[in-house]
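Residue numbers start from 1 in every chain, and the chains themselves are labelled A, B, ... in the order their sequence lines are given, proteins ahead of strands.
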Amino acid sequence: MAVNAIIISMIDIRVKLARLVEEALKSAIAKGALSQFEVPEVQMERPREKAHGDWATNIALTSAARAKLPPRKLAETIVENLPVDASVSGVEVAGPGFINFRLSNAWLHEVVRAVDVEGESFGRSNFGGGLKVNLEFVSANPVGPMHVGHGRWAAVGDTLANVFSATGHDVTREFYINDYGSQMNIFASSVAARYAELLGAEVEFPENGYRGEYIRDIAREIISRDGDGYLSLSTEEREAIFKETAYRQVLTHIKKTLHTMGVDFDIWFSERTIHESTEIKKTIDFLRKRGYIYEAEGATWFKAKAFGEEKDRVLIRENGEPTYFAADIAYHKDKLDRGYDLMIDIWGADHHGYVARMKAAVQALGHPRDKLEVILGQLVNLMRGGEPVRMSKRTGEMVTLDELVDEVGRDAVRFLFLMRSTDTALDFDIELAKEKSNENPVYYVQYAHARISSILRYAAEESAAANKSDYSLLNEAPELDLIRKIAEWPEVLEGAARIRSPHFLTRYAHELASSFHYFYTRCRVVTEDAALTAARIGLVKTAQTLLRIVLKLLGVSAPERM
RNA sequence: GCGCCUGUAGCUCAGGGGAUAGAGCGUUGGUCUCCGGAACCAAAGGCCGCAGGUUCGAAUCCUGCCAGGCGCACCA
């Protein structure tokens with residue numbers, strides 16, 4: 001019970017401080033120290049400057065006019081009326097009228113204890129309130145190996161999903177397989193041509209066919225498995241068969257690559273199943289009933305203009321074939337029908353022109369347009385030793401995601417992909433990623449974890465780990481700094497979920513590692529003083545727990561030795 | 001032409017209305033009798049693309065311009 005109270009006070013410190021300020025305002029008004037005025041919600045924020053304490057509020061600045069007092073004077077009055085609280089060790093008025101709060105060492109010690117009790121669930125919350133979220137990402141065409149850009153979305157999507165799970169969302173990872181349309185046909189005919197060619201037949205390679213070497217690899221796989229039997233078939237028959245077998249091969253390959261990256265989807269949704277069912281027709285009928293469909297120029301149109309779009313869009317072409325957009329609306333309707341509260345799609349930035357259109361469709365389906373959220377990801381520029389890696393789609397000359405993961409390893413790939421905000425292009429240097437040096441942030445963070453393991457091994461040998469920890473002995477600046485960093489975690493995690501920014505985690509991991517390393521060089525863990533040793537071992541363990549939590553969410557390993 | 005993203009230290013980037021704009025790398029100079037030196041500390045380095053506006057306060061929000069990237073299909 002007591003432990004519970006501590007944990008709650010810790011996580012809600014922000015709320016708690018805000019309440020103290022509110023109480024101060026109320027009692028000042030009651031006492032007549034302030035004139036009656038409407039008190040707005042008290043905002044607490046993290047000062048940028050360390051010297052300004054742990055938390056600050058601008059309430060005196062925002063309310064000065066209403067209170068008819070200069071900001072600093074108002075701030076002073078609030079401080080004078082502030083109730084005493086054990087978690088606060090200092091309050092001061094600063095600058096134009098900020099009120100700065102410093103948290104007490106006792107409060108910080110309770111943070112360490114909270115991590116002791118909660119372990120790896122420290123920082124988890126019910127922020128999402130059980131919101132059902134569908135996260136769709138990667139969604140590559142199954143016509144060839146994935147490129148490095150797909151890898152970035154895989155890492156971002158997967159970690160975002162982890163973050164959502166940790167913050168009380170009910171999340172589903174979904175991959176929309178774009179296995180329908182002309183490119184599938186081109187793919188099949190390309191494989192069929194290479195197949196025949198490899199078996200010595202005279203064939204003309206399709207003009208717009210895929211010329212990448214991987215097409216030959218797929219053909220070779222078919223040959224080694226099924227032999228040359230398909231050669232006797234007509235080109236059409238062969239292509240029809242390959243459209244299936246080659247497709248299955250590629251899809252299996254995609255799943256394997258993603259799995260190697262630690263990314264596993266809950267749902268693989270085939271676009272083809274939409275076309276093969278009556279879903280598109282049903283969706284269009286549904287929209288027609290709602291008045292958003294009309295026929296013109298032989299085609300069926302969606303009234304996108306009704307939702308502020310520049311122009312209406314074709315759903316059924318003149319030739320009777322539905323467009324990609326039509327299938328996509330049916331797909332999103334399917335997701336909505338499955339009962340998700342929120343759909344988040346991660347798309348390449350080159351699809352940004354499509355976002356508003358899709359949101360309009362969601363609206364037309366009778367849902368708020370914000371039920372669909374699109375994260376647009378910028379490109380990955382592959383570098384090697386500072387030089388861009390040349391890639392050509394036309395000749396099929398490229399570095400695949402597979403090769404990248406193979407060469408630099410899953411940990412570095414994931415971590416480096418997650419270091420940047422999704423809306424900035426990312427330079428990925430293969431040489432840097434492989435480097436086991438201080439230039440490589442992945443190793444910096446993992447090293448902190450391994451170093452703690454090493455300390456704990458040493459401590460066990462010295463049999464210093466057995467004592468119960470009294471954290472009130474931790475009062476050195478490096479110790480308190482480390483604890484402050486640990487205490488930040490719940491906010492960081494919630495922020496990553498709220499702003500859909502997994503890069504908060506890599507950043508935090510680096511800062512945490514840095515706080516630990518600084519502590520380590522200043523404070524000896526295993527000493528003659530048994531009580532202090534026990535306390536520091538406890539602290540080091542909590543730091544390690546935090547590193548584990550973050551690395552796990554990032555999908556990066558936390559090695560005991562390296 | 002219209003739209004989206006980006007422009008912050010030499011380089012790569014954080015910063016989602018707050019105080020003296022931060023981190024990593026690089027540069028320069030330091031720190032090891034002891035738990036992992038893949039570490040730590042310090043210094044130098046900035047008209048936050050430019051110009052206006054909004055307000056107590058702007059790198060952040062709005063408008064215009066400049067530069068780079070990407071889109072503007074009965075393609076997917």
Side-chain angles (χ1 to χ4, degrees), chain A residues 43 45 47-49 51-52 56-58 60-62 64-65 70-71 94-98 100 139 141 143 178 180-184 271 297-301 310-311 313-328 348-356 376-379 383 386 419-427 429 432 435-448 450-459 461-462 464 478 495 498-499 501 503-504 506-507 510-511 513-514 516-527 533 536-537 540 561-562:
Chain A
Q43 302 289 340
E45 62 195 28
R48 217 168 15 203
E49 202 71 30
H52 294 147
T57 180
N58 60 0
L61 281 92
T62 53
F98 290 101
N100 295 335
S139 299
N141 297 314
V143 295
N178 296 138
Y180 183 88
S182 55
Q183 47 189 341
M184 285 301 292
E271 181 186 354
E297 302 162 43
T300 302
W301 296 74
E310 212 168 297
K311 51 175 156 183
R313 298 290 171 173
V314 170
L315 295 184
I316 305 290
R317 289 183 262 249
E318 236 175 314
N319 64 10
E321 279 288 310
T323 59
Y324 178 85
F325 184 43
D328 216 7
D350 52 340
H351 289 85
H352 71 252
Y354 190 69
V355 175
L376 290 174
Q378 297 290 332
L379 312 174
M383 319 278 278
M419 278 189 62
R420 302 277 174 258
S421 151
T422 47
D423 49 26
T424 115
L426 181 150
D427 290 339
D429 196 303
L432 175 63
E435 204 159 321
K436 294 181 167 42
S437 78
N438 56 353
E439 284 185 48
N440 191 334
V442 190
Y443 288 95
Y444 181 82
V445 175
Q446 289 183 318
Y447 179 68
R451 205 179 201 189
I452 293 173
S453 294
S454 170
I455 296 167
L456 296 176
R457 284 192 296 268
Y458 176 84
E461 273 172 33
E462 301 286 307
R498 195 176 56 242
I499 308 171
S501 293
H503 74 277
F504 283 16
T506 45
R507 216 177 170 72
H510 197 277
E511 287 168 3
S514 173
F516 164 72
H517 287 310
Y518 178 73
F519 156 81
Y520 179 82
T521 53
R522 296 303 166 101
C523 302
R524 209 185 144 75
V525 176
V526 181
T527 64
T533 299
R536 286 187 173 161
I537 284 174
V540 151
R561 297 168 206 269
M562 48 194 291

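- Annotation: of the two residues near RNA chain B, Arg561(A) and Ser421(A), the 5′-most nearest-nucleotide partner is Ser421(A).
- In this structure, Asp350(A) places its CG atom 18 Å from P of C75(B), rounding to the nearest Å.
- Nucleotides A23(B) and A9(B), compared at atom C1', are 11 Å apart to the nearest Å.
- When the P atom is compared between U6(B) and G16(B), the two are found 13 Å apart, to the nearest whole Å.
- Listed candidates were A14(B), G36(B), G71(B). Nearest to the side chain of His503(A) is A14(B).
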Distances for protein N or O near nucleotides 2-11 of chain B N or O, under 3.5 Å:
{"unit_1": "G3(B)", "atom_1": "N2", "unit_2": "His352(A)", "atom_2": "NE2", "d": "2.1"}
{"unit_1": "C5(B)", "atom_1": "O2'", "unit_2": "Gln378(A)", "atom_2": "NE2", "d": "3.3"}
{"unit_1": "C5(B)", "atom_1": "O2'", "unit_2": "Asp423(A)", "atom_2": "O", "d": "3.1"}

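- Rounded to whole angstrom, the span from the CG atom of Leu456(A) across to the P atom of G36(B) amounts to 11 Å.
- Residues passing the side-chain hydrogen bond (donor to acceptor under 3.5 Å, both in side chains) test with Arg524(A), sequence neighbours excluded: none.
- At distances below 3.5 Å, at least one donor-acceptor pair connects side-chain atoms of Asp429(A) with backbone N or O atoms of Leu432(A).
- Residues forming a ring-ring contact (aromatic ring centres under 6.0 Å, His included) with Tyr443(A) (at least two apart in sequence, or on another chain): none.
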Exercise for the section: Do nucleotides 27-33 of chain B as a string where each nucleotide becomes B, S or -: B if the base has a protein heavy atom under 4.0 Å, S if just the sugar-phosphate does, - if no protein is that close. Expected result: -------
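- Spacing of P atoms, C62(B) relative to C5(B), comes out at 10 Å, to the nearest Å.
- In Glu321(A), the CD atom is crowded: over 12 heavy atoms of neighbouring residues, nucleotides or ligands sit closer than 6.0 Å.
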Practice task
Summarise protein proximity over nucleotides 38-48 of chain B in one line of letters, 5' to 3': B for base, S for sugar-phosphate only, - for none, counting protein heavy atoms closer than 4.0 Å.
Solution key: BSSS-------
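- Take Arg48(A) and apply the salt bridge (charged side-chain N to carboxylate O under 4.0 Å, His left out) test, not counting sequence neighbours, and it matches no residue.
- With hydrogens and angles disregarded, no donor-acceptor distance shorter than 3.5 Å links the side chain of Thr533(A) to the backbone of Val526(A).
- Minimum atom distance to the side chain of Ala450(A) is reached by G36(B), of the listed G15(B), G36(B), G24(B).
- Using a 4.5 Å heavy-atom cutoff, the side chains of Tyr520(A) and Ile452(A) are not in contact.
- One atom, CE of Met419(A), and another, P of A14(B), lie 9 Å apart when rounded to the nearest Å.
- The interatomic distance linking Arg317(A) (CZ) with C74(B) (C1') rounds to 6 Å, in whole Å.
- Between the P atoms of G49(B) and A58(B), the separation comes to 15 Å (whole Å).
- Judged as a side chain to side chain contact (heavy atoms under 4.5 Å, CB included), and not counting sequence neighbours, the contacts of Ala299(A) are Trp301(A), Val314(A).
- The CG atom of Leu379(A) sits 16 Å away from the P atom of U12(B) (whole-angstrom rounding).
- Taking the side-chain hydrogen bond (donor to acceptor under 3.5 Å, both in side chains) definition, one finds that His510(A) meets it with nothing, sequence neighbours left out.
- To the nearest angstrom, P of C75(B) lies 14 Å from NE2 of His351(A).
- The gap from the P atom of A51(B) to that of U27(B) amounts to 34 Å, rounded to the nearest Å.
- Between Phe504(A) and Ile499(A), some side-chain heavy-atom pair lies under the 4.5 Å cut-off.
- Side-chain rings of Tyr354(A) and Phe325(A) approach one another, their centers coming within less than 6.0 Å.
- When the C1' atom is used for both A59(B) and C13(B), the distance is 14 Å, rounded to whole Å.
- Residues satisfying the side-chain hydrogen bond (donor to acceptor under 3.5 Å, both in side chains) criterion with Glu435(A), sequence neighbours excluded, are Ser437(A).
- Side chain of Arg420(A), nearest nucleotide from C13(B), A76(B), C34(B): C13(B).
- Between Met184(A) and Val143(A), the closest side-chain pair of non-hydrogen atoms falls below 4.5 Å.
- With sequence neighbours left out, the side-chain hydrogen bond (donor to acceptor under 3.5 Å, both in side chains) criterion links Thr424(A) to no other residue.
- At whole-Å resolution of the value, CG in Leu315(A) and P in A73(B) are 16 Å apart.
- Tested against Glu271(A), the residues Asn141(A), Asp328(A), Asn178(A) include a single side chain to side chain contact (heavy atoms under 4.5 Å, CB included) partner, Asn178(A).
- The shortest distance between side-chain heavy atoms of Tyr444(A) and Ser514(A) falls below 4.5 Å.
- Both Pro322(A) and Ala425(A) lie near RNA chain B, and the one whose nearest nucleotide falls closer to the 5' end is Ala425(A).
- Using a 4.5 Å heavy-atom threshold, the side chains of Leu456(A) and Ile537(A) count as touching.
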Where do N or O atoms of nucleotides 18-22 of chain B meet protein N or O atoms at under 3.5 Å, pair by pair?
{"unit_1": "G18(B)", "atom_1": "N7", "unit_2": "Asn58(A)", "atom_2": "ND2", "d": "3.1"}
{"unit_1": "G18(B)", "atom_1": "O6", "unit_2": "Asn58(A)", "atom_2": "ND2", "d": "3.3"}
{"unit_1": "A19(B)", "atom_1": "OP1", "unit_2": "Arg48(A)", "atom_2": "NH2", "d": "3.0"}
{"unit_1": "A19(B)", "atom_1": "OP2", "unit_2": "Arg48(A)", "atom_2": "NE", "d": "3.2"}
{"unit_1": "A19(B)", "atom_1": "OP2", "unit_2": "Arg48(A)", "atom_2": "NH2", "d": "2.2"}
{"unit_1": "A19(B)", "atom_1": "N6", "unit_2": "Asn100(A)", "atom_2": "OD1", "d": "2.8"}
{"unit_1": "A19(B)", "atom_1": "N1", "unit_2": "Asn100(A)", "atom_2": "OD1", "d": "3.1"}
{"unit_1": "A19(B)", "atom_1": "N1", "unit_2": "Asn100(A)", "atom_2": "ND2", "d": "3.1"}

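- Residue Asp429(A) is out of contact with every strand shown, counting any heavy-atom pair closer than 4.0 Å.
- Base contact: Glu318(A) has a heavy atom under 4.0 Å from a base atom.
- Taking the C1' atoms as reference points, G64(B) lies 26 Å from A21(B), given to the whole Å.
- Side chain of Thr323(A) to main chain of Ile316(A): no donor-acceptor pair is present (N/O by atom type, distance under 3.5 Å, no hydrogens or angles).
- Within the nucleic acid shown, Phe325(A) has no heavy atom closer than 4.0 Å to any nucleic acid atom.
- The separation between Met184(A) atom CE and C75(B) atom P is 18 Å, rounded to whole Å.
- Across the C1' atoms, A19(B) and G26(B) are found 31 Å apart, a figure rounded to whole Å.
- Among the heavy atoms of the strands, none lies under 4.0 Å from Glu321(A).
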Problem - Under the 3.5 Å Watson-Crick or G-U criterion, the dot-bracket string of RNA chain B, with | for inter-strand pairs - result: (((((((..((((....[...)))).(((((.......))))).....(((((..]....))))))))))))....
